[in-house]
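Shown next, in structure tokens, is the structure this report addresses.
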Amino acid sequence: MRTTKVPGENNKHRVLMYALSTCGWCKRAKRLLRDNSIEYEYIDVDLCSMEDRERIRRDILSRGGRLSYPTIIVDDTILITSFQEDRIREALEI
Amino acid sequence: MTTLQKVRQRAESDARSRGYYLNPDLQFLENLLEGLKQNEERYDYPSCPCRISSGTFEVDRDIICPCDYRDADVEEYGYCYCALYVRKDVSEGKTPIRPIPERRPREKQERAYAVSAETSTEKLAERTAAFVDKPSEAKMKMWYCKQCGYVCFREEPPYICPICKAKREMFDEIRLKADTRDVA
Ligand code: SF4
């Protein structure tokens with residue numbers, strides 16, 4: 001699965017975002033991370049291969065998430081559904 | 001090819017006709033309109049920018065903007081799932097805009113993935129036909145609004161009547177003697 005890595009000074013946490021390229025909330029989430037210099041990886045699920053899309057669906061559901069975007073996974077343990085700014089800030093300590 | 005201008009005009013006139021407003025955050029609004037335009041170019045119909053489309057019209061029909069869930073969401077939360085269409089109090093900044101839960105049933109979301117996964121296999125035509133056409137057509141029914149007489153043909157009645165805003169309970173099924181599959 002090919003993710004895009006966005007470099008940032010703050011790499012305290014490993015952050016993966018499943019996003020949609022067309023979605024307003026996903027753009028908000030990406031901007032929040034960028035504004036706080038967070039290093040993160042993302043994949044636009046609407047643009048990836050069908051196989052990857054299916055893999056992502058299984059990954060989200062196996063972690064107890066929902067098929068809503070953005071879905072943000074912090075340190076492979078915390079899953080945040082939708083742009084819940086408070087929860088994202090808390091998980092990333094920003 | 002559609003233009004951003006056309007997408008904007010369509011959304012504006014739709015909002016006006018329903019007494020809604022567009023998101024007052026101009027950058028956020030611009031992103032959504034751009035997303036709608038991209039989806040229209042990609043799929044030939046403007047499916048919801050904040051949901052994943054299957055690319056199959058039949059499967060995505062309920063999330064073509066304005067989606068089937070908009071009116072219920074605007075009524076309950078003040079804005080739609082994407083926050084493109086908002087209520088007056090929200091447009092005036094009196095109610096904050098935060099993400100709301102997905103109203104689209106899980107099985108419909110899953111169908112989008114299942115159908116897209118099928119496109120990568122050789123069985124596409126046969127499986128899509130089995131998946132999409134037969135079950136959904138068999139489930140298609142005629143509904144009418146007891147308040148204003150609006151009639152539609154779909155699996156379930158709308159959450160809210162698009163004409164008179166009556167609730168779902170006001171809809172009744174029209175039972176035809178002929179097999180409804182012939183109507184389609
Ligand atoms: S949630 Fe809003 S923007 Fe998305 S399809 Fe529905 S009405 Fe359109």
Side-chain angles (χ1 to χ4, degrees), chain A residues 1-3 16-35 42-74 78-91, chain B residues 7 22-23 25-43 46-56 60 63 65 79-84 86 96-121 124:
Chain A
M1 204 161 67
R2 199 177 306 144
T3 57
L16 171 66
M17 188 194 303
Y18 292 136
L20 297 179
S21 68
T22 50
C23 159
W25 295 113
C26 299
K27 292 207 172 88
R28 273 266 167 94
K30 287 174 180 171
R31 197 177 69 199
L32 177 72
L33 300 188
R34 209 180 45 230
D35 288 352
Y42 74 90
I43 182 161
D44 284 326
V45 187
D46 55 325
L47 301 179
C48 69
S49 74
M50 294 309 176
E51 286 78 9
D52 279 349
R53 201 190 264 207
E54 177 58 15
R55 228 170 268 150
I56 290 163
R57 181 186 73 89
R58 275 196 234 119
D59 186 40
I60 293 176
L61 295 180
S62 74
R63 293 169 187 272
R66 284 180 277 126
L67 299 174
S68 292
Y69 300 96
T71 285
I72 299 171
I73 298 162
V74 180
I78 305 168
L79 179 141
I80 303 167
T81 305
S82 307
F83 179 63
Q84 298 187 59
E85 187 168 347
D86 297 350
R87 285 201 57 207
I88 300 170
R89 285 185 179 279
E90 191 189 336
Chain B
V7 175
L22 298 184
N23 194 307
D25 178 334
L26 293 182
Q27 183 58 56
F28 195 84
L29 175 62
E30 193 78 13
N31 287 342
L32 286 175
L33 297 173
E34 183 59 44
L36 277 169
K37 174 174 170 274
Q38 278 172 20
N39 278 352
E40 187 164 345
E41 282 166 5
R42 230 185 266 167
Y43 308 116
S47 50
C48 183
C50 306
R51 294 181 169 110
I52 195 148
S53 302
S54 71
T56 302
D60 294 340
I63 53 164
C65 191
Y79 43 92
C80 69
Y81 183 67
C82 293
L84 172 63
V86 310
I97 304 181
R98 299 210 181 83
I100 58 171
E102 169 65 292
R103 190 180 293 273
R104 190 185 196 207
R106 162 89 179 264
E107 87 254 11
K108 290 212 173 176
Q109 301 172 37
E110 291 263 337
R111 226 195 273 181
Y113 288 82
V115 170
S116 3
E118 294 302 335
T119 55
S120 61
T121 76
L124 172 69

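All values below were derived from every heavy atom in this structure, side-chain atoms included, with hydrogens, water molecules and symmetry-related copies excluded. Proteins come first, then strands; the chains are lettered A, B, ... in the order of their sequence lines, and each starts at number 1. The shown structure was predicted, so the numbers you read here are calculated from the model rather than taken from an experiment.
- Checking side-chain atoms of A:D46 against main-chain N and O of B:I52 turns up no donor-acceptor pair under 3.5 Å.
- Using a 4.5 Å cut-off between heavy atoms, A:L20 contacts chain B through its side chain alone, with no backbone atom that close.
- Counting heavy-atom neighbours within 6.0 Å of B:R104 CZ, excluding the residue itself, gives a total above 12.
- By number of non-hydrogen pairs under 4.5 angstrom with chain B, the leading residue of A:G24, A:S82, A:P70, A:S68 is A:G24.
- Between A:R89 and A:D86, none of the side-chain N atoms (NZ, or NE/NH1/NH2) sits under 4.0 Å from a carboxylate O, so this pair counts as no salt bridge.
- Looking only at heavy-atom pairs under 4.5 Å with chain A, the residue among B:C82, B:G35, B:P99 that has the most is B:P99.
- If you measure heavy-atom distances from B:I97 to chain A, the contacts under 4.5 Å come from both the backbone and the side chain.
- Interface residue B:D25: only side-chain heavy atoms are found under 4.5 Å from chain A.
- Heavy-atom minimum distance, B:R98 versus B:Y79: O-OH, 2.6 Å.
- Using a 4.5 Å cut-off between heavy atoms, B:R106 contacts chain A through its side chain alone, with no backbone atom that close.
- Around atom CZ of A:R31, no more than 12 heavy atoms belonging to other residues, nucleotides or ligands sit under 6.0 Å away.
- Heavy atoms of B:E34 lying under 4.5 Å from chain A are absent altogether.
- Proximity to chain B is limited to the side chain of A:L61, based on heavy atoms less than 4.5 angstrom apart.
- Counting non-hydrogen atoms of neighbouring residues, nucleotides and ligands closer than 6.0 angstrom, the CD atom of A:E90 reaches no more than 12 such neighbours.
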